[in-house]
Q: 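My questions all concern the structure below.
When a ligand or atom number is given, it counts from 1 through the structure's own listing order. Since the model is a prediction, treat every value here as computed from it, not as a measurement.
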Amino acid sequence: MARTKFVCGNWKMHKTQAEARELVRALAPLCAPLGGKVQVAVAPPFTALAAAAEALRGSPLELGAQDVHWEKQGAFTGAVSAPMLAEAGVKHVIVGHSERRQLFGETDETVRKKVGAVLAANLLPIVCVGETLAEREAGKTLEVVGRQLRGGLSGLQAPALAAVTVAYEPVWAIGTGKTATSAQAQEVHQALRAILRELCGAGADSIRIQYGGSVKPDNAAELMSQPDVDGALVGGASLKADDFIQIVRGALR
Ligand code: PEP
């Protein structure tokens with residue numbers, strides 16, 4: 001089944017409001033000629049969301065956030081809720097990024113609650129899964145990503161699952177310059193698709209599975225040429241307009 005490829009830039013803790021405006025203003029005109037053949041989003045830090053939303057207005061470039069709390073409001077110092085993100089113009093929310101799992105105590109259970117909150121606010125979750133190097137070397141990759149996927153999506157039925165994007169991000173490839181080979185990525189994506197079929201039948205064929213982990217202009221096209229690699233979640237290379245747009249163009253090849 002043909003799925004529109006989806007490339008999202010995860011800016012992590014980079015870019016002030018002024019820098020976000022500048023990068024979005026550089027990207028937006030480059031996205032317009034894509035004619036919707038690739039879906040493109042950027043996920044700035046919370047403080048730059050409003051500036052980015054304003055700068056991308058009227059362009060096909062979409063806005064994402066990097067995290068969310070599962071409650072709508074309350075005594076959760078430092079947290080931001082899904083309705084707050086929706087009001088800021090956000091469409092996509094990254095949930096369960098490995099940095100959140102490793103540095104901030106994210107678990108499959110908090111991922112599940114966050115995915116529920118994102119969907120309840122009519123936003124679209126990008127659910128990240130990925131194994132560490134030790135887990136890969138122990139032959140546990142499919143077991144780990146399978147557990148993370150089932151845990152993060154548990155309780156969701158077919159119509160809700162249609163709104164989900166999955167991102168396979170091997171932890172050993174994030175920010176390290178080491179990329180999974182296209183064959184390694186395809187193997188895991190195919191296994192994730194099989195789990196999605198168990199969860200929602202034929203609906204799994206329309207769910208996008210992005211690859212993330214040191215995606216660069218020179219490896220993006222090859223990775224996204226694999227049958228189950230439906231786009232990319234891009235960290236470092238999304239911070240420069242030229243690199244990011246070359247990656248986006250790689251999705252067209
Ligand atoms: C990420 O943070 O989601 C990521 C894939 O980072 P990088 O592209 O820098 O490896």
Q: Name every donor-acceptor pair, under 3.5 Å, that has one atom in a side chain of residues 48-61 and the other anywhere in the protein, sequence neighbours excluded.
A:
unit_1: S59; atom_1: OG; unit_2: L56; atom_2: O; d: 3.0
unit_1: S59; atom_1: OG; unit_2: L61; atom_2: N; d: 3.1

Q: For ligand 1, which part of N10 has a heavy atom less than 4.0 Å away: the side chain, the backbone, both, or neither?
A: side chain
Q: Does one side chain, of E106 or T110, offer a donor that lies under 3.5 Å from an acceptor on the other?
A: yes
Q: Quick one: look at S238 and ligand 1, take heavy-atom pairs under 4.0 Å, and tell me if it's side chain, backbone, both or neither.
A: neither
Q: Should S214 be counted as touching ligand 1, given the test is an N or O pair under 3.5 Å?
A: yes
Q: Within ligand 1, which atoms have a heavy atom of A173 less than 4.0 Å away?
A: 10 (O)
Q: Can you list the ligand 1 atoms lying under 4.0 Å from a non-hydrogen atom of L233?
A: 3 (O), 5 (C)
Q: How close do T176 and S214 get, heavy atom to heavy atom, and via which atoms?
A: N-OG, 3.6 Å
Q: If the cut-off is 4.0 Å to any non-hydrogen atom of G213, which atoms of ligand 1 fall inside it?
A: 5 (C), 10 (O)
Q: Do Q66 and H97 have side-chain N/O donor and acceptor atoms under 3.5 Å apart?
A: no
Q: Return the residue, atom name and 0.1 Å-rounded distance of the protein heavy atom closest to atom 9 (O) of ligand 1.
A: G236 N, 2.8 Å
Q: Consider ligand 1: state whether an atom of it lies below 4.0 angstrom from any non-hydrogen atom of A237.
A: no
Q: Out of G175, A232, G212, who is nearest to atom 10 (O) of ligand 1 when you count heavy atoms only?
A: G175
Q: Just checking, is any N or O donor in the side chain of E131 or W172 under 3.5 Å from an acceptor N or O on the other one?
A: yes
Q: Quick one: look up the protein heavy atom nearest atom 1 (C) of ligand 1 and list residue, atom name and how far away it is.
A: H97 NE2, 3.2 Å
Q: Could you point out which residue of R193, Q190, R208, H189 forms a side-chain hydrogen bond (donor to acceptor under 3.5 Å, both in side chains) with D228?
A: R193
Q: Measure across S238 and V234 and return the closest heavy-atom pair with its distance rounded to 0.1 Å.
A: OG-O, 3.2 Å
Q: Among all protein non-hydrogen atoms, which one is nearest to atom 8 (O) of ligand 1, and what is the separation to 0.1 Å?
A: G235 N, 2.8 Å
Q: Does a donor on one side chain and an acceptor on the other come within less than 3.5 Å for S81 and Q73?
A: no
Q: Considering heavy atoms of the protein only, find what lies nearest to atom 5 (C) of ligand 1 and give residue, atom and distance to 0.1 Å.
A: E169 OE2, 3.1 Å
